[in-house]
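This one's a predicted model, so the numbers in the text were calculated from it and none came from an experiment. Residue numbers start from 1 in every chain, and the chains themselves are labelled A, B, ... in the order their sequence lines are given, proteins ahead of strands.
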There are 2 protein chains.
Amino acid sequence: MGEDLSVLLKNLNLKVTPKRLAILDILDAEMRYLGPDEVWQRMKARFKSIGLPTVYRNLEELANGGVLIKIIHPDRKLYYYLCRNTDHHHHFICISCKKVEDLFFCGASEIEREVKNNLKGHVISHLMQVYGLCEDCAATKTIST
Amino acid sequence: MGEDLSVLLKNLNLKVTPKRLAILDILDAEMRYLGPDEVWQRMKARFKSIGLPTVYRNLEELANGGVLIKIIHPDRKLYYYLCRNTDHHHHFICISCKKVEDLFFCGASEIEREVKNNLKGHVISHLMQVYGLCEDCAATKTIST
DNA sequence: AAGATAAATAGAAACTATTTCTTTTTATAT
DNA sequence: ATATAAAAAGAAATAGTTTCTATTTATCTT
Ligand SMILES: [Zn+2]
Ligand SMILES: [Zn+2]
Ligand SMILES: [Zn+2]
Ligand SMILES: [Zn+2]
């Protein structure tokens, strides 16, 4: 599995460094979105020397390359999620445990039509995220931070 | 028109101060979303003494009260928009001129169904914004910052 | 396999949007 | 008019994020 992570980097013409592989590995093992600081904490367990700017830089590069997606959060901090689904889709985010799940519903065509017909405008992109409780958390009904 | 702005404040049990009315008036006159600093600049033209924290505080209070809506922007800064439409709806945002327009399409029920049936989860809220070029900007095809 | 080269990283420092704090002022109810 | 609690000024602090420079490292070339 470390193999296919390095392929991700090579495809982006990024050098395959231990730090980059570790960042990917950390996110690959998570079903949740993580912030730079959270990733940094885990990196410090793996490397004796690891700078926070390195984490920021790599997360951003990987997001720009499409390997990670940015999670839009009401707190306006940076969060990233490694999503293997390369098709256009949206996400359901559990506000209790931070788990991310793919959604297949997307109103792109309806939006496109409405913007074209009613507003006479042109759609470039759209953002959709759904917040709620995942199956486990809905069962527990306990909301943590 | 100043009258119905003060009603908005009274409904929220907020004191009707000149600063608050001015902030609302500034946003009411705009079809675009504005950031705190942009609002502050305009406030400084109206008041000899006006603090930036006052602008921040009021914008946030008004957003919490539902009078303003927060615009989610890729730059992760704060932006507000005064929307008179109190029904649930979403927005089309022109990335060229920052104009905001209401959309009527909303996939809430489809999302709800998908989350319930496929993920066995529970939807609490959803966020949708559409980015593009408004009629005027699409015609001009010139994208400013 | 060793050297060359450009990219990546560490660590410190800077940045800046946003928030907090304390004092003074002001809107509103009595 | 007075009392009271909310609002605002102004300064200061915060914290997430970005920038900078010197050093290290991955990868390409021979
Ligand atoms: Zn959950
Ligand atoms: Zn979509
Ligand atoms: Zn426009
Ligand atoms: Zn909706």
query: Please give, in whole Å, the distance from C:dA10 P to A:Trp40 CH2?
result: 11 Å

- line: note: A:Glu61, atom CD; D:dA26, atom C1'; distance rounded to Å ~ 14 Å

field: Flag for A:Glu38-A:Tyr79: side-chain donor and acceptor within less than 3.5 Å
entry: no

task: I would like to know whether B:Arg42 and B:Glu30 meet salt bridge (Lys or Arg N to Asp or Glu O under 4.0 Å); could you show each step before the answer?
output: CA-CA 12 Å; B:Arg42 299 179 193 207; B:Glu30 276 293 342; 2.6 Å; yes

- prompt: What are the residues of residues 45-60 of chain A, sorted by number, that bring a heavy atom to within less than 4.0 Å of DNA chain D?
  reply: A:Leu52, A:Pro53, A:Tyr56

query: Quick one: A:Lys77 NZ to D:dA15 P, roughly how many Å, whole number?
result: 9 Å

query: DNA chain C: B:Val16 or B:Pro36, which has the more 5' nearest nucleotide?
result: B:Pro36

- request: Tell me whether the guanidinium CZ or amine NZ of B:Lys70 lies under 6.0 angstrom from the six-membered ring centre of B:Tyr80 and within 45° of its axis.
  value: no

message: Just the rounded figure in Å: distance from P of C:dG11 to NZ of A:Lys44.
response: 11 Å

message: Quick check on C:dT9: is either OP1 or OP2 less than 4.0 Å from any side-chain nitrogen or oxygen of A:Thr17?
response: yes

- prompt: Do other residues, nucleotides or ligands put more than 12 heavy atoms under 6.0 Å from the NZ atom of B:Lys44?
  reply: yes

task: Measure the distance from OH on A:Tyr80 to P on D:dG16 and round it to the nearest whole Å.
output: 14 Å

Just the atom pairs and distances: protein N or O near nucleotides 2-6 of chain D's N or O, under 3.5 Å.
residue: D:dA5; atom: N3; partner: B:Lys15; partner atom: NZ; Å: 3.4
residue: D:dA6; atom: O4'; partner: B:Lys15; partner atom: NZ; Å: 3.2

- request: Report yes if at least one side-chain N or O of A:Lys19 is closer than 4.0 Å to OP1 or OP2 of C:dA10; otherwise report no.
  value: yes

message: What is the distance, to the nearest angstrom, from the CG atom on A:Leu21 to the P atom on C:dT9?
response: 10 Å

message: Under 4.5 Å between side-chain heavy atoms, counting indirect links through other Ile/Leu/Val/Met/Phe/Trp/Tyr residues: same cluster for A:Met31 and A:Ile71 or not?
response: no

field: Side-chain donor or acceptor of A:Arg32 paired with backbone N/O of A:Val100 under 3.5 Å
entry: no

Parallel, tilted or perpendicular: rings of B:His126 and B:His90 (30°, 60°): tilted

query: Could you walk me through whether B:Asp37 and B:Lys77 pass the salt bridge (Lys or Arg N to Asp or Glu O under 4.0 Å) check?
result: CA-CA 11 Å; B:Asp37 195 73; B:Lys77 290 178 190 162; over 6 Å; no

- request: Under the side chain to side chain donor-acceptor pair (under 3.5 Å) rule, what do A:Arg57 and A:Thr54 come out as? Steps first, then yes or no, please.
  value: CA-CA 5 Å; A:Arg57 187 178 353 94; A:Thr54 297; 3.3 Å; yes

- prompt: Does a side-chain N or O from B:Arg76 land closer than 4.0 Å to OP1 or OP2 of D:dG16, or not?
  reply: no

query: Are B:Lys10 and C:dT28 close enough that a side-chain N or O sits under 4.0 Å from OP1 or OP2?
result: no

- prompt: Rounded to whole angstrom units, what separation is found between the CG atom of A:Asn64 and the P atom of C:dA8?
  reply: 13 Å

